[in-house]
Amino acid sequence: MNADEVNILTKRALRADIESLRKIVNFLSQYNVPIAKFAIYSIIYQFAMNNVIDLGKECETCGGKCCKAGYPVPVYDYDFKEMKKNIKNLRLEKKNGFYLLPRPCQFQKGWICTINSFKPYACLSYPFATEDEQEDLLKSYDGNGVPDFRVPEFCIAGKKVKEFMNKIMEDLRKEKGREPTPTELLEKIISLYERKG
Ligand code: SF4
Ligand code: SF4
């Protein structure tokens with residue numbers, strides 16, 4: 001798989017396509033290196049954030065700060081094509097191989113994203129699977145256990161996800177009497193998603 005194929009598969013996974021989720025985790029599991037393990041945990045955490053844990057209240061209280069300030073959001077060609085299907089007059093500046101969506105984002109109304117069902121990969125990945133937030137941590141990650149993901153102080157939704165996932169890991173440790181594998185964590189999160197309906 002090339003980088004775009006990996007990103008497109010991850011994007012589908014983050015949008016609750018379970019087959020894609022298992023496929024991308026299996027693909028990354030072949031590589032026994034810290035960066036691949038880090039990516040697996042990032043995807044599992046982000047999947048839980050997007051699809052398992054109810055965070056509407058937290059994001060409303062925060063007011064949508066992640067879309068208001070910061071570097072422009074990268075929009076890859078595959079994101080742009082999808083957005084263009086829905087926004088006929090979409091025009092974005094292109095730099096270094098990808099389009100840029102400046103913040104504050106033109107698609108935010110109040111705290112809500114008005115293009116939620118076709119927002120770019122980078123938005124679906126915030127904050128656990130974004131390079132901006134996790135770059136330093138990734139450099140020091142040695143492949144042992146769940147990374148202590150960085151979440152900005154203002155991101156109360158991300159903090160709630162970390163607490164939720166810590167509890168899930170604790171329960172799995174008790175149940176198994178050892179450190180759970182990333183795949184065991186993944187299957188637990190999928191079962192919670194399916195139970196949610
Ligand atoms: S994801 Fe975090 S930063 Fe973004 S709106 Fe929700 S709480 Fe705020
Ligand atoms: S596209 Fe949506 S999620 Fe992404 S920055 Fe804009 S408002 Fe936020």
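When a ligand or atom number is given, it counts from 1 through the structure's own listing order. Remember, predicted model here, so these are calculated numbers, not experimental data. Because only heavy atoms are used, hydrogens play no part in the values below, and waters and symmetry mates are left out as well, while side chains stay in.
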By number and element, which atoms of ligand 1 are closer than 4.0 Å to a non-hydrogen atom of Ala157?
6 (Fe), 7 (S)
Check ligand 2 against Gln108 and write out every atom of the ligand that is under 4.0 Å from a heavy-atom position of the residue.
7 (S)
Between Asp171 and Lys188, is the closest basic N to carboxylate O distance under 4.0 Å?
no
Would you call Arg22-Glu187 a salt bridge at under 4.0 Å N-O?
yes
Please identify which atoms of ligand 1 are closer than 4.0 Å to at least one heavy atom of Met49.
1 (S)
Would you name the heavy atoms of Pro120 and Pro74 that are closest together and state the gap between them?
CB-O, 4.2 Å
Heavy-atom side-chain contact between Cys155 and Pro152 under 4.5 Å
yes
Identified ring pair (Phe, Tyr, Trp, His ring centres under 6.0 Å) counterpart of Phe98 within the set Tyr76, Phe80, Tyr121
Tyr76
Are Asn7 and Tyr78 linked by a side-chain donor-acceptor pair shorter than 3.5 Å?
yes
Would you say Cys105 has an N, O or S atom lying under 2.8 Å from atom 4 (Fe) of ligand 2?
no
Considering heavy atoms of the protein only, find what lies nearest to atom 2 (Fe) of ligand 1 and give residue, atom and distance to 0.1 Å.
Cys155 SG, 2.4 Å
Please list the nearest protein heavy atom to atom 1 (S) of ligand 2 with its residue and the distance rounded to 0.1 Å.
Ile115 CD1, 3.7 Å
shortest atom 6 (Fe) of ligand 1-to-protein heavy-atom contact is with Cys59 SG, 2.4 Å
The closest protein heavy-atom partner of atom 5 (S) of ligand 1 is Gly64 CA, 3.4 Å
If the cut-off is 4.0 Å to any non-hydrogen atom of Phe154, which atoms of ligand 1 fall inside it?
3 (S)
Would you mind checking if Lys65 and Glu153 are paired as a salt bridge, meaning a charged N to carboxylate O distance below 4.0 Å?
no
So if I count the atoms of ligand 1 from 1 in the order they appear, which ones are less than 4.0 Å from some heavy atom of Ile156?
7 (S)
Go through ligand 2 atom by atom and flag the ones less than 4.0 Å from a non-hydrogen atom of Cys123.
1 (S), 3 (S), 4 (Fe), 5 (S)
Among side-chain atoms of Lys23 and Asn26, is any donor-acceptor pair under 3.5 angstrom?
no
Note: ligand 2 atoms sitting under 4.0 Å from heavy atoms of Lys119 are 3 (S)
Answer yes or no for Cys62: is there an N/O/S atom below the 2.8 Å cut-off from atom 4 (Fe) of ligand 1?
no
Hey, are the side chains of Val25 and Ser29 touching, using non-hydrogen atoms and a 4.5 Å cut-off?
yes
Report the part of Glu60 in contact with ligand 1, treating N, CA, C, O as backbone and CB onward as side chain, heavy atoms under 4.0 Å; options are side chain, backbone, both, neither.
neither
Please write down residue, atom name and distance for the protein heavy atom closest to atom 8 (Fe) of ligand 2.
Cys67 SG, 2.3 Å
Near-ring test Phe164/Tyr45, centroid separation under 6.0 angstrom:
no
Which protein heavy atom lies closest to atom 4 (Fe) of ligand 1, and at what distance to 0.1 Å?
Cys66 SG, 2.3 Å
